[in-house]
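Keep in mind the model is a prediction, meaning the values are calculated, not measured. Residue numbers begin at 1 in each chain, while the letters A, B, ... track the order of the sequences.
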Number of protein chains: 2
Amino acid sequence: MKVLTKKTDYAIRALLMLGAKRGSYVSAKSIAAEQDMPYQFLRGVLQEMIRHGLIVSKEGVQGGFMMEKDADDIGVRQLIEIFQGRVQVSECMFRKQICANRSRCVLRHEIMRIEQVVSNEFEQVTIGKLLRKLNATGNLMPALKDGEEPS
Amino acid sequence: MKVLTKKTDYAIRALLMLGAKRGSYVSAKSIAAEQDMPYQFLRGVLQEMIRHGLIVSKEGVQGGFMMEKDADDIGVRQLIEIFQGRVQVSECMFRKQICANRSRCVLRHEIMRIEQVVSNEFEQVTIGKLLRKLNATGNLMPALKDGEEPS
DNA sequence: TTAAACTGATACTATATTGATATCAATTAA
DNA sequence: TTAATTGATATCAATATAGTATCAGTTTAA
Ligand code: FES
Ligand code: FES
């Protein structure tokens, strides 16, 4: 069960770069190179974020992308919703004229509760929070020592 | 973002039936009919649960499936792991020789924490717990009143 | 002792989702 | 004017999910 897809993954990492270089435009090319993402794929992700008002862009030479929203107002939950659709544990389990009274369905209650918990957890994790952690440790991507294996 | 796939969904519902009729063998056919699941697909799900020791079967006429494990020892978390693989928020985000020191990676920490929370939530929801709720309300699938739409 | 109701095992197909690539027009800075 | 960019799409490949079909073996009961 994979919770974050590549798009969400790339979005988070791109936002971390944009957050670190706030105020200047960063090109898709440089993000792709630095973070080792497929260029065109990343561009699609960036465009989607523009449409949702998270970032802005500037065309032409010296153009690129810049963070628009406050980093603390961008939660992983929102990114998941943008790239993977709303968090829903299950479609209603007993569809097709079987489960009429939703308020009495115990499964639904249990499921909606979990939905909330999961959703809240992701909401807590904001780009701002991650950026501060990065600044504190100064270590998003430490260099690989000889012989060491990446995870 | 769909958290439970059909297989897991069907597995939960089949187990609820088996749990309710503990001690006797219930055929795949009757489960499929009552819960409106595709017969052969359900059988695959049931066989997988046999392999994992959750249920047992008896072949031939009057055969079927019966719950083996204690219903309180079957959590949705285990079902997810069986049918959708281990709960993992993301593969390591900075692979390919970039992220060497896992213990210092803030993203990894945040991600592993969420992984735990999500995992625990699903662990709490056991078939036994659901069954008791069903008994309390007596209502897994209330009949549909005229004109009412299912969820 | 045979037929019907079952599961075991497996192969196959269809559809949806995810991940990635390619192309071309429009914009901008130097 | 040209190279470096984004905007907008179209297309493709790989994988995962959902569902179907078939046949062999087992058991009960007529
Ligand atoms: S599963 Fe839909 S209301 Fe119970
Ligand atoms: S993402 Fe793998 S250790 Fe940081």
Item to check | Residues B:D36 and B:R13 bridged, charged N to O under 4.0 Å | outcome: no
Checklist entry - Of B:K69, B:E123, B:H52, which is the lone residue that meets side chain to side chain donor-acceptor pair (under 3.5 Å) with B:Q78? => result B:K69
Item to check | Atom-pair distance (NZ on B:K7; P on D:dT20), nearest Å | outcome: 14 Å
Item to check | Whole-Å distance separating the CD1 atom of A:I55 from the C1' atom of D:dT5 | outcome: 14 Å
Checklist outcome for this item: Distance col, row B:S30:OG vs B:K21:NZ, nearest 0.5 angstrom, shows 5.5 Å
Next on the checklist: I want to verify a distance call: between D:dA18, D:dT5, D:dT20, whose nearest atom is closest to the B:K2 side chain?
Outcome noted: D:dA18
Checklist entry - Is B:L18 linked to B:V56 within one hydrophobic cluster, defined over Ile, Leu, Val, Met, Phe, Trp and Tyr using a side-chain heavy-atom separation of less than 4.5 Å? => result no
Item to check | Intermediate values then yes/no, side chain to side chain contact (heavy atoms under 4.5 Å, CB included), B:M66 and B:K58 | outcome: CA-CA 8 Å; B:M66 191 163 60; B:K58 190 178 116 185; over 6 Å; no
Checklist entry - Are OP1 or OP2 of D:dA16 and a side-chain N or O of B:T5 less than 4.0 angstrom apart? => result no
Report, one pair per line, the protein and nucleotides 27-29 of chain D atoms (nitrogen or oxygen only) whose separation is under 3.5 Å.
unit_1, atom_1, unit_2, atom_2, d
D:dT27, O2, B:V61, N, 3.2

Checklist entry - From the 5' end of DNA chain C to its 3' end, which nucleotides mark the outer limits of contact with chain B, defined by a 4.0 Å heavy-atom distance cut-off (strictly under)? => result C:dA4 to C:dA9
Checklist entry - For B:Y39 and D:dT22, is the shortest distance between a side-chain N/O and OP1 or OP2 below 4.0 Å? => result no
Checklist entry - How many Å lie between CZ on B:R43 and C1' on D:dA24, as a whole number? => result 11 Å
Checklist entry - Taking 4.0 angstrom as the limit, do B:E121 and B:R77 come out as a salt bridge? => result no
Next on the checklist: Strictly distance-based, threshold 3.5 Å: is any side-chain N or O of A:Q84 a donor or acceptor partner for the main-chain N or O of A:V3?
Outcome noted: yes
Checklist entry - When you check the gap from the basic side-chain N to the acidic O, do A:D9 and A:K2 get nearer than 4.0 Å? => result no
Next on the checklist: Rounded to whole Å, please give me the gap between CG in B:D9 and C1' in D:dT17.
Outcome noted: 13 Å
Next on the checklist: I need the CD-P distance between B:Q40 and D:dA24, as an integer number of Å.
Outcome noted: 15 Å
Checklist entry - Roughly how many Å is it from CD in B:E48 to P in D:dA18, rounded to a whole number? => result 14 Å
Item to check | Separation of D:dT20 C1' from B:K6 NZ (nearest whole Å) | outcome: 16 Å
Checklist entry - Between B:Y25 and B:F65, does a ring pair (Phe, Tyr, Trp, His ring centres under 6.0 Å) hold up when you go through it step by step? => result CA-CA 5 Å; B:Y25 287 99; B:F65 303 85; 8.6 Å; no
Next on the checklist: Applying a 4.0 Å non-hydrogen cut-off, can you work out what A:G44 is touching in the nucleic acid: base, sugar-phosphate, or nothing?
Outcome noted: nothing
Next on the checklist: Need one value for A:I50: base, sugar-phosphate or nothing, where a base atom within 4.0 Å counts as base even if backbone is also close, heavy atoms only.
Outcome noted: sugar-phosphate
Checklist entry - Between atom CZ in A:F65 and atom P in D:dA4, what is the gap in whole Å? => result 17 Å
